[in-house]
S.K.: 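For reference, the structure I am asking about is given below.
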Amino acid sequence: MHENHLYNLFNQLVEEHKSVWRIESMYKEDASGCEDCTAFWEALSKDKAEHSAALTELIKTHLA
């Protein structure tokens, strides 16, 4: 059985993926009339995608 912290990593990965999906499919479209907000959502989406990638690599080290 895996330790609780691995579960936490998986859980956070899911949350990051959900957040990126919401930003890309809803928030950016809703903010389409505001350049500042669109830029904010773009940057946040990129940041969360990077977190997802880092979490994925970390999880792989625990599953190897």
Side-chain angles (χ1 to χ4, degrees):
M1 181 171 226
H2 296 290
E3 297 179 23
N4 191 53
H5 77 276
L6 183 56
Y7 170 81
N8 294 339
L9 292 171
F10 270 110
N11 194 45
Q12 187 60 38
L13 178 60
V14 169
E15 291 301 319
E16 295 294 344
H17 275 290
K18 285 180 179 179
S19 187
V20 170
W21 182 86
R22 283 191 308 271
I23 291 167
E24 294 297 323
S25 66
M26 293 184 288
Y27 299 172
K28 283 174 33 180
E29 183 179 329
D30 290 347
S32 64
C34 178
E35 288 183 29
D36 291 335
C37 292
T38 300
F40 171 80
W41 290 123
E42 286 283 346
L44 188 60
S45 179
K46 181 181 177 203
D47 186 48
K48 289 191 170 291
E50 290 171 0
H51 287 156
S52 292
L55 281 163
T56 299
E57 291 305 312
L58 190 56
I59 289 167
K60 284 180 184 179
T61 65
H62 286 286
L63 296 176

S.K.: Would you say Glu29 has more than 12 foreign heavy atoms packed within less than 6.0 Å of its CD?
M.R.: no
S.K.: Side-chain donor-acceptor contacts of residues 46-58 below 3.5 Å, not counting sequence neighbours, with atom names and distances?
M.R.:
| residue | atom | partner | partner atom | Å |
| --- | --- | --- | --- | --- |
| Lys48 | NZ | Glu16 | OE1 | 3.2 |
| Ser52 | OG | Lys48 | O | 3.1 |
| Thr56 | OG1 | Ser52 | O | 2.8 |
| Glu57 | OE2 | Lys60 | NZ | 3.3 |

S.K.: In chain order, what residues pass the side-chain hydrogen bond (donor to acceptor under 3.5 Å, both in side chains) check against Ser45, with sequence neighbours excluded?
M.R.: Glu24
S.K.: Test question: given the 4.5 Å side-chain rule for I, L, V, M, F, W and Y, name all other residues clustered with Tyr27, or answer none.
M.R.: Trp21, Ile23, Met26, Phe40, Trp41, Leu44
S.K.: If you round to the nearest 0.5 Å, how far is CG of Leu6 from CG of Asn11?
M.R.: 11.0 Å
S.K.: Going by the rule salt bridge (Lys or Arg N to Asp or Glu O under 4.0 Å), which residues pair with Glu42 if we only count those two or more places apart in sequence or in a different chain?
M.R.: Lys28
